[in-house]
Amino acid sequence: MIRVSIKATVRSLLPRFFQPCRPWGVILAIGLVSCGDRPRVLNLPFSANPLSVNSPYTEADPQISGRYLVYTSDRQGRTEIYAYDLQEQRPLPLPGLNASLTGFAQAETLVQHPSISEDGRYLVFVGLREGRSILYLYDRQGQRTRPLTPAIAGFIQDPVISANGQRVAFSIAVGTQWDVAVYDLSGRPLPIPTNPR
């Protein structure tokens with residue numbers, strides 16, 4: 001059993017933390033921090049029910065934002081994105097998201113690193129296809145998925161959307177140099193000082 005205790009504000013560490021666990025493919029427990037210093041552990045049981053967080057298939061790339069957990073799973077024969085409301089203990093509907101993934105989620109494509117805004121409205125994730133990675137934005141309210149970085153030539157990973165859903169930070173590699181980029185929801189890069197003081 002994997003037990004993890006995290007602070008909700010340190011969401012960006014989760015994808016890296018769980019990468020070694022990927023071969024096991026099951027997240028058995030997620031720790032949430034209560035008001036005090038002691039974590040409160042929420043057990044998410046294993047079940048073959050398709051509405052369960054943990055299934056006989058591979059669940060990976062978990063990330064928590066407020067009351068929402070978002071992750072990927074291959075339970076439908078291809079990698080898809082799932083979300084779960086930890087407060088109400090039920091799946092969070094993502095209307096049209098996984099149906100839209102069939103447009104680019106072919107055998108050579110991998111969908112990974114989802115992140116969700118604190119209100120559950122926006123999700124970002126990386127789609128890898130033919131050696132390219134693109135950052136996608138999904139709006140639950142508009143039920144639409146669109147590329148946020150279609151023109152970037154570098155390799156993208158580990159996106160994290162801000163709590164208010166207005167900015168996305170991610171790692172990008174051009175050649176061997178890894179840097180951090182921040183974009184707004186229109187797909188416009190925001191300036192970041194190279195030597196902040």
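The first residue in the sequence is number 1, and the count goes up from there. Side-chain atoms are counted along with the backbone in the values below, which use heavy atoms only and exclude waters and symmetry mates.
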Please report the shortest heavy-atom distance between [X] and [Y], naming the atom on each side.
{"X": "L94", "Y": "I81", "answer": "CD1-O, 3.6 Å"}
{"X": "L185", "Y": "L148", "answer": "O-CD1, 3.3 Å"}
{"X": "S117", "Y": "G165", "answer": "CB-CA, 3.8 Å"}
{"X": "P114", "Y": "Q63", "answer": "O-CB, 3.8 Å"}
{"X": "L92", "Y": "R140", "answer": "CD1-NH2, 3.6 Å"}

Residues forming a side-chain contact (heavy atoms from CB on, under 4.5 Å) with [X], sequence neighbours excluded:
{"X": "P147", "answer": "I134, Y136, P150"}
{"X": "A181", "answer": "F170, I172, Y183"}
{"X": "Q141", "answer": "R121, D139"}

Validation row: S55, Y82 side chains within 4.5 angstrom (heavy atoms):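 No. Closest side-chain heavy atoms not under 4.5 Å.
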
Please examine the side chains of V160 and V168, heavy atoms only from C-beta on, and report whether any two atoms are closer than 4.5 Å.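 They are not in contact (no side-chain heavy atoms under 4.5 Å apart), so the answer is no.
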
Is the side chain of S133 donor-acceptor paired with the backbone N or O of I156 at a distance under 3.5 Å, no angle test?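 Yes: the side chain of S133 pairs with the backbone of I156.
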
Spell out, as yes or no, whether a donor-acceptor pair under 3.5 Å connects the side chain of Y84 to the backbone of Q89.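 At least one qualifying donor-acceptor pair exists.
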
Donor-acceptor side-chain pairing of E118 and S65 below 3.5 angstrom: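 Distance-only check fails for E118 and S65.
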
E59 side chain to S73 side chain, donor-acceptor N/O pair below 3.5 angstrom: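 Judged by distance alone, the side chains do pair up.
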
V70 vs L123, test: side-chain contact (heavy atoms from CB on, under 4.5 Å). Steps then yes/no. CA-CA 9 Å; V70 64; L123 280 86; 3.6 Å; yes

Partner set under salt bridge (Lys or Arg N to Asp or Glu O under 4.0 Å) for D179, not counting sequence neighbours: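 Not a single residue meets the salt bridge (Lys or Arg N to Asp or Glu O under 4.0 Å) criterion with D179.
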
Could you pull out all residues at least two apart from D184 that satisfy salt bridge (Lys or Arg N to Asp or Glu O under 4.0 Å)?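 Applying salt bridge (Lys or Arg N to Asp or Glu O under 4.0 Å) to D184 gives R188.
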
Any chance you could measure [X], atom [atom1], to [Y], atom [atom2], to the nearest 0.5 Å?
{"X": "T79", "Y": "F125", "atom1": "OG1", "atom2": "CZ", "value": "11.5 Å"}
{"X": "H113", "Y": "D158", "atom1": "NE2", "atom2": "CG", "value": "5.0 Å"}
{"X": "R67", "Y": "E88", "atom1": "CZ", "atom2": "CD", "value": "5.0 Å"}
{"X": "Q112", "Y": "D61", "atom1": "CD", "atom2": "CG", "value": "6.0 Å"}
{"X": "Y122", "Y": "L137", "atom1": "OH", "atom2": "CG", "value": "7.0 Å"}

Just jot down the side chain to side chain donor-acceptor pair (under 3.5 Å) partners of R167, sequence neighbours excluded, or say none.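 Scan of R167 (side chain to side chain donor-acceptor pair (under 3.5 Å), adjacent residues dropped) gives none.
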
Contacts of type side chain to side chain donor-acceptor pair (under 3.5 Å), residue T72, not counting sequence neighbours: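 Residues passing side chain to side chain donor-acceptor pair (under 3.5 Å) with T72: none at all.
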
side-chain contact (heavy atoms from CB on, under 4.5 Å), that's the test. Do Q87 and Y68 meet it? Break it down for me. CA-CA 8 Å; Q87 184 173 311; Y68 300 113; over 6 Å; no

Take E80 and Y71, measure what side-chain contact (heavy atoms from CB on, under 4.5 Å) needs, and give me the verdict at the end. CA-CA 9 Å; E80 294 185 336; Y71 59 98; over 6 Å; no

